[in-house]
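Heads up: the structure comes next, in structure tokens.
When a residue number appears, it is its place in the shown sequence, counting from 1.
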Amino acid sequence: MHKTINSSEFRKMILVGAKQLDVNRARVDALNVFPVPDGDTGTNMSLTMQSAVRELTACQSSAFADVCDSLSKGALKGARGNSGVITSQILKGMCTVLRKAEKEIDVKTFAKAFEAGSKVAYGAVSVPKEGTILTVIRMMSEYAIKTASKKKNIEDFLEDVIKEGDRALALTPEMLPVLKKAGVVDSGGVGLMVIIKGFLAALTGEEIADSAMEMDAAPAGDSDFGDNSAIMGMDLADIEFAYCTEFFIINMKKSTTLAAIDRLREKLMAIGDSVICIGDLELVKVHVHTNQPGKALSYALELGELERPKIENMLEQNRQLKAKLEAERKEMGMLAICTGAGLSEIFKDLFVDRIIEGGQTMNPSASDIANAAQKINAEHIFVFPNNKNIILAAEQAKNLVENKKIHVIPTKNVPQGFAAALEFNPEATAEENKTNMVHALDNVKVGQVTYAVRNTSLNGFSIKEGDIIGLDDKKILAKSHSLEETVLKLIARMKEDFHQVITLYYGEDVKEEEAEALCETIAEKYPDCDVDFHNGGQSVYYYIMSLE
């Protein structure tokens, strides 16, 4: 039994919690309230934890402060969807307490960490909703504070806190009627409990089923010989090492050994960064950014002959890039998130500067959004999440972007994104554009048509797996066994007298001629409306439709 844990044991708890979530993420995904094939709570939380694990693994320090800072940074950078963002904030709050530990953490400190995790998570959500993951972490943290003084070891403490978490989870359907109707508990809460149970398993040595962690590819360095692309990712205002120096070493001296190659690498690291020094006694490849290229060359000559030496002045490249960026800089830019080649093309036609692939089946992380915004050469960036589950991650991206002002327009779907982009006026101020974009969202009513992935009773419908269902952003409005019939029923439920335009964006599973025929039927039924269709190319949803 552990009365205290050190930083190595805490690392293991995070790793096992992340692995446990990865093993169970499909189960968490399946708890989505709407019986549609884009439930992704488990996936979002798992990818968030995997990002945290990457940063944690890269941290070589055993100090609690460094370990906790790496964990917080990784979780925030990888936060995806509402569930992932809230998970990242829980970890952030816990780490604000744990990082203060000098060598070990006891039960009382862990209880305070739970409490801080709950407070930070609640603070990250503008309108906290009970019956969600927030309720689960709050009830666990409250219980943790009450019971901490009664527990002598962390295993017993976590066991009791987990029991309270399970009790809180069981209460979520009573707090959210939509969960009760669907017959499920909150999926984010389930994901959180999986992680915390992983913490306990790490301490008790409980066996966990093997499952390969699907890690995102780590960003590659400029390891290709002759590639100076790394300069594009630098802060153009500050280059520490001026010269990109590259060469091969051939025809090694008889006295040269493998140990000498290792010593060369150490010497290069002492005079620069971005060091690559790899090879054998036949050929060595060297790359280094340094202010002393001559010294790098002289070090190499101690081992053998130089071939294809190249020295490039990154300061001059930097000046040229800065001049180019300044010449092309504009006051305002736009960033949209969507899935489907057709939808992306429409955004491009509306002069959106950058598009992130993502949406129903894959929510981009806060880091993904921040990186894309950083690449837009403008002072003000308008971000269109186009999915209610991405809005919170977009808001968190503000904390990761430097020297730019991020304006998140809370678009819940692609047609709202189109409406917002249409309002952009380069002659207006950023605040005027933001106001006009937000107001434009009220003029669009949006429905989506997909298929049910399980049997359920919801919104007054008895739904069977495979049924074609139509829904708005709140509830299911139509269902049938026919795609055309569901579309017509959905329009009938959504359309109001003032609507004059009906637009359909058909997905990858719908043929153009089918969409055209359906539009003709709609036009006959609603002769007072202009009816149009476009190839959206989106997955999951047969049709996304807007009424204006």
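The backbone N or O of Ser462 sits less than 3.5 Å from a side-chain atom of Lys479, completing a donor-acceptor pair. Looking at Gln20, its side chain never comes within 3.5 Å of a backbone N or O of Lys197 through a donor-acceptor pair. At distances below 3.5 Å, at least one donor-acceptor pair connects side-chain atoms of Asn455 with backbone N or O atoms of Glu465. When atom types are taken as modelled, the side chain of Ser141 and the backbone of Arg138 share a donor-acceptor pair closer than 3.5 angstrom. A donor-acceptor pair under 3.5 Å is absent between the side-chain atoms of Asn44 and the main chain of Gly84, judged by distance alone. Without hydrogens or angle criteria, Asp368 side chain to Ser365 main chain gives a donor-acceptor distance under 3.5 Å. Remark: side-chain polar atoms of Ser187 are not paired, donor with acceptor, to backbone N or O of Val28 under 3.5 angstrom. Counting only distance, with no hydrogens or angles, the side chain of Lys92 and the backbone of Leu76 share no donor-acceptor pair below 3.5 Å. Between the Asn535 side chain and the Gly537 main chain, a donor and an acceptor come within less than 3.5 Å of each other.
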Practice item. Determine, step by step, whether Glu142 and Lys146 satisfy the salt bridge (Lys or Arg N to Asp or Glu O under 4.0 Å) criterion, reporting the C-alpha distance in whole Å, the side-chain angles of both residues, the deciding distance to 0.1 Å, and the verdict. Key: CA-CA 7 Å; Glu142 291 171 350; Lys146 291 178 182 178; 6.0 Å; no

Review point. After noting the C-alpha distance and the side-chain angles of Glu55 and Ser51, does the key distance pass the side chain to side chain donor-acceptor pair (under 3.5 Å) rule?
Key: CA-CA 7 Å; Glu55 290 285 340; Ser51 177; 6.0 Å; no

Review point. Step by step, would you call Thr87 with Leu192 a side-chain contact (heavy atoms from CB on, under 4.5 Å)?
Key: CA-CA 8 Å; Thr87 301; Leu192 177 62; 5.8 Å; no

Practice item. Report the C-alpha separation of Asn413 and Ile544 in whole Å, then their side-chain angles, then the decisive distance to 0.1 Å, and conclude whether the side-chain contact (heavy atoms from CB on, under 4.5 Å) test is met. Key: CA-CA 9 Å; Asn413 47 65; Ile544 298 173; 5.6 Å; no

Point to revise | Candidate pair His407 and Met437, rule side-chain contact (heavy atoms from CB on, under 4.5 Å), full reasoning | key: CA-CA 11 Å; His407 305 274; Met437 287 175 175; over 6 Å; no

Practice item. Start with the C-alpha gap between Glu345 and Lys348, add the side-chain angles, then the distance that decides, and say whether salt bridge (Lys or Arg N to Asp or Glu O under 4.0 Å) holds. Key: CA-CA 5 Å; Glu345 287 302 316; Lys348 291 176 184 177; 3.4 Å; yes

Practice item. Go through Leu158 and Met13 one step at a time and tell me if the side-chain contact (heavy atoms from CB on, under 4.5 Å) criterion holds. Key: CA-CA 12 Å; Leu158 283 177; Met13 291 168 70; 4.2 Å; yes

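Tyr543 places a side-chain heavy atom less than 4.5 Å from the side chain of Leu518. The shortest distance between side-chain heavy atoms of Leu488 and Thr521 falls below 4.5 Å. Taking 4.5 Å as the limit, every side-chain heavy atom of Leu343 sits out of range of all side-chain heavy atoms of Asn386. For the pair Leu179 and Val185, the minimum side-chain heavy-atom distance is 4.5 Å or more. The closest side-chain heavy-atom distance from Tyr143 to Asp160 is below 4.5 Å. Using a 4.5 Å heavy-atom threshold, the side chains of Ser88 and Lys77 count as separate. Residues Ile522 and Leu504 have side chains in contact (heavy-atom distance under 4.5 Å, counting atoms from C-beta outward). Side-chain atoms of Val67 and Asp69, non-hydrogen and from C-beta on, never get closer than 4.5 Å to each other.
Ring orientation note: the planes of Phe157 and Phe110 are tilted relative to one another, at an angle of 30° to 60°. Using a 30° and 60° split on the angle between ring planes, Phe533 and Tyr506 fall in the tilted class, from 30° to 60°.
Heavy-atom neighbours of Lys404 NZ from other residues, nucleotides or ligands within 6.0 Å: above the threshold of 12. Heavy-atom neighbours of Lys12 NZ from other residues, nucleotides or ligands within 6.0 Å: at or below the threshold of 12. Residue Gln500 places its CD atom among 12 or fewer non-hydrogen atoms of other residues, nucleotides or ligands, all under 6.0 Å distant.
In this structure, the separation between SG on Cys519 and CD on Glu524 is 11.5 Å, given to the nearest 0.5 Å. Between the OG atom of Ser480 and the CD1 atom of Ile469 there is a distance of 11.0 Å, given to the nearest 0.5 Å. Ile409 CD1 to Leu441 CG: the interatomic distance, rounded to the nearest 0.5 Å, is 7.5 Å. Distance check: Lys475 NZ to Arg493 CZ gives 6.0 Å after rounding to the nearest 0.5 Å. Atoms CG and CG, from Asn389 and Asn363 in turn, are 4.5 Å apart once rounded to the nearest 0.5 Å. Asn433 contributes atom CG, which lies 10.0 Å from atom NE2 of His380 (distance to the nearest 0.5 angstrom).
Summarising the geometry of Val540 relative to Tyr451, their closest heavy-atom pair is O-CE2, 4.2 Å, with the distance given to 0.1 Å. Among all heavy-atom pairs drawn from Pro364 and Gly358, the shortest one is CD-CA, 4.3 Å. For the pair Ile406 and Ala373, the tightest heavy-atom approach, listed with the atom from each and the gap, is CD1-CB, 3.7 Å. Nearest heavy-atom pair, Ala75 versus Thr48, reported as atom, atom and distance to 0.1 Å: O-CG2, 3.5 Å. Of all heavy-atom pairs between Ser344 and Ile355, the closest is O-CD1, 3.2 Å. Residues Tyr505 and Gln538 share a closest heavy-atom pair of O-NE2, 2.9 Å.
Checked options Glu548, Gln416, Glu496; the residue passing with Lys445 is Glu496 (criterion: side-chain hydrogen bond (donor to acceptor under 3.5 Å, both in side chains)). Put simply, the residue from Asp467, Ile463, Leu490 that forms a side-chain contact (heavy atoms from CB on, under 4.5 Å) with Ile476 is Ile463. Each of Leu176, Leu134, Thr135, Asp186 was scored for a side-chain contact (heavy atoms from CB on, under 4.5 Å) with Lys129, with one residue passing: Leu176. Under the side-chain contact (heavy atoms from CB on, under 4.5 Å) rule, Met49 has a single partner from Leu56, Leu91, Asp22, which is Leu91.
The ring of Phe418 has its center closer than 6.0 angstrom to the ring center of Phe347.
Taking a cutoff of 4.0 Å between a charged side-chain nitrogen and a carboxylate oxygen, Lys112 and Glu115 do not qualify as a salt bridge. Using a cutoff of 4.0 Å between basic side-chain nitrogens and carboxylate oxygens, Lys163 and Glu159 are not scored as salt-bridged. Taking a cutoff of 4.0 Å between a charged side-chain nitrogen and a carboxylate oxygen, Lys511 and Glu514 do not qualify as a salt bridge.
Side-chain contact annotation: Thr339 with Glu357, donor-acceptor N/O pair under 3.5 Å present. A side-chain donor-acceptor contact under 3.5 Å links Asp532 and His534.
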